[in-house]
Amino acid sequence: MTARWQRLAHEIVEKSGGTKNLALIGIRRRGVPLALRIAQAMRGIDGVEVPVGTLDITLYRDDLSKVAPQAVLQSSTLRLAWMV
């Protein structure tokens with residue numbers, strides 16, 4: 001599985017022209033661990049720490065009424081220096 005993360009990380013870095021203005025945003029629940037794994041693989045490419053944010057899309061889900069009777073919101077973190 002590690003080879004897949006490495007290949008995916010290489011493809012993202014190549015298509016983005018490097019990691020200088022690159023950030024990953026994982027959609028809460030299963031997307032956050034994926035973004036963290038890809039960021040870890042990118043660190044192995046050029047030693048740069050790619051920022052990872054999280055985004056909670058609970059209120060925008062089309063299956064919200066099937067998931068839970070009451071929406072439980074979690075925080076989103078998008079603290080990226082170059083966004084300011």
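The model shown is predicted, which means the values in this text are computed figures rather than measured ones. The first residue in the sequence is number 1, and the count goes up from there.
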Once rounded to the nearest 0.5 Å, what's the spacing between atom [atom1] of [X] and atom [atom2] of [Y]?
| X | Y | atom1 | atom2 | answer |
| --- | --- | --- | --- | --- |
| Lys20 | Asp46 | NZ | CG | 13.0 Å |
| Thr2 | Gln40 | OG1 | CD | 8.5 Å |
| Ile12 | Met42 | CD1 | CE | 4.0 Å |

Can you give me the closest heavy-atom contact between [X] and [Y], atom names plus distance?
| X | Y | result |
| --- | --- | --- |
| Ala9 | Ile38 | CB-O, 4.0 Å |
| Gly26 | Val32 | O-CG2, 3.6 Å |
| Ser16 | Leu22 | OG-CD1, 3.6 Å |
| Val50 | Ala39 | O-CB, 4.0 Å |

